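Source: prediction; values computed, not measured. One-based numbering, in listed order, for ligands and for the atoms of each.
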Amino acid sequence: MRVTQTHGMGADSAAWLTGVLLGELPFPHDLADLTVVTAMVGDESEATRDAMTAHMLPLMQAHGVRYVQVARASMSDEDGIVILSDTRPSDPNRKPDPYRMVMRGAVALSDEMFAAGTIPQTSSRKCSHKWKGWVLDRWAEQEYGSAARLHVVGFAAEETDRRDRDEGYSLATPGKQPWYPLIDAGWDRDRCLTELHRWYGFEWPRSCCGFCPYQAGPDIARMIRRWSAEPQQVRTAIGLERNARSLNPRMTLFRDRSAADIARRAGLGELVDQAAAELDARPAELYEVRRIYRRRGDRRDSSGRGWLLGPDPSDKGTDVWRSLRAIATGTRAGMLELLAAEQVTRGGTIETVDGVPRLVIERAAPPYPTTEFYLTVAVAGATKERPAFDELWRFVHRLDLPRQLDALSPTG
Ligand code: SF4
């Protein structure tokens, strides 16, 4: 039976693999059939690279365990994945690579986030799926097809909810048989960290992107230690947040706390300023940002020609449509000059949030639906709009809301 471990480089993965290779965890299979595979997002810390290089690579090499590193080939799914390194390729035309870490491919998650003017959302793990899960699935398809194999998932003992969600998904994939050996062994995260400390003599670093929004909970002190040790991680996190806040001032990296604020309070204010300077050096665009805050229950009518409103004008629900349109491209300084010039012709008010100005032309206010409209400067490439946006925008602008009844459709 072939066995694959998807190795996230964190404590759970490292503890299982070390435990198996040191004979402290059961592995009732042939080690020659074990393949360890990591999907590279491109924004991991140097501490993770160092720990992998100093400990996991030599251990895998000593036991002849195959190690594969894969990544997205581009932002587009159509381009598939690239093999960054494979120490024992199944393709006879490919030479074995040495045991070394290749921490990023041609593109990284932060590239996508800068171009889209956004940050990872804690409401979903879309980034993890797109940059890890999807990549590993494509690799497994190429490698195994529908052949039977065991798939080791390193969830710790307390992660039974994640296992339950993963199990159904895994079993739906032809040939894939999930195995959760840390849960079977009763090793929780603390036990994994304790064993790693016993084996290697230091605290195994958390494996995550430097801007991961999940790292600032009870573990915030560790995040600040990581940030203090790796300034580029802070600059990327702050730059992403600052750019996203240009397009939506509510977008802070850590729920109600901004990364910039946390960094300043931690004495890393100099890095915040450097992040702003790095952002200034990127090609920029002047954007028209429009949003429609829809009313709960609204929908297109069945003929597809108009819209029906939900019953309660005060209930905005959760659906917000956004349109980003670039109207000029250049340097950030040039775009900021244009922004100021636009006020002369369009009116509106310049507002500055965290050092980022925007020209507010329309503010959102109940009743719903309602719209907001402003101009701002952000990194180039974020233009995005759903096809029906303009139609709904015009519809909302034609409404005379205080006089609206429950159902309306546009005329003309
Ligand atoms: S570590 Fe965090 S930011 Fe990076 S891919 Fe995973 S969830 Fe997203």
Counting only protein N, O or S atoms and ignoring waters, those under 2.8 Å from atom 2 (Fe) of ligand 1 are C212 SG
What pairs of residues pass the salt bridge (charged side-chain N to carboxylate O under 4.0 Å, His left out) test when at least one of them lies in residues 370-382, not counting sequence neighbours? R250-E372, R291-E372
Ring centre gap for W204 and F202 strictly below 6.0 Å: yes
Does the ring center of F211 lie less than 6.0 Å from the ring center of W227? no
R265 atom CZ, over 12 foreign heavy atoms within 6.0 Å: no
Nearest candidate to atom 5 (S) of ligand 1, where distance is taken over non-hydrogen atoms, out of I119, L240, L109, T122: L109
F114 ring centre to R282 NZ or CZ under 6.0 Å, with the angle to the axis within 45°? yes
Tell me whether R358 forms a cation-pi arrangement with Y374, defined as NZ or CZ under 6.0 Å from the six-membered ring centre and within 45 degrees of its axis. yes
Looking only at protein heavy atoms, which one is nearest to atom 6 (Fe) of ligand 1, and what is the separation? K132 NZ, 3.4 Å
Parallel, tilted or perpendicular: which describes the rings of H29 and W179, with under 30° parallel and over 60° perpendicular? perpendicular
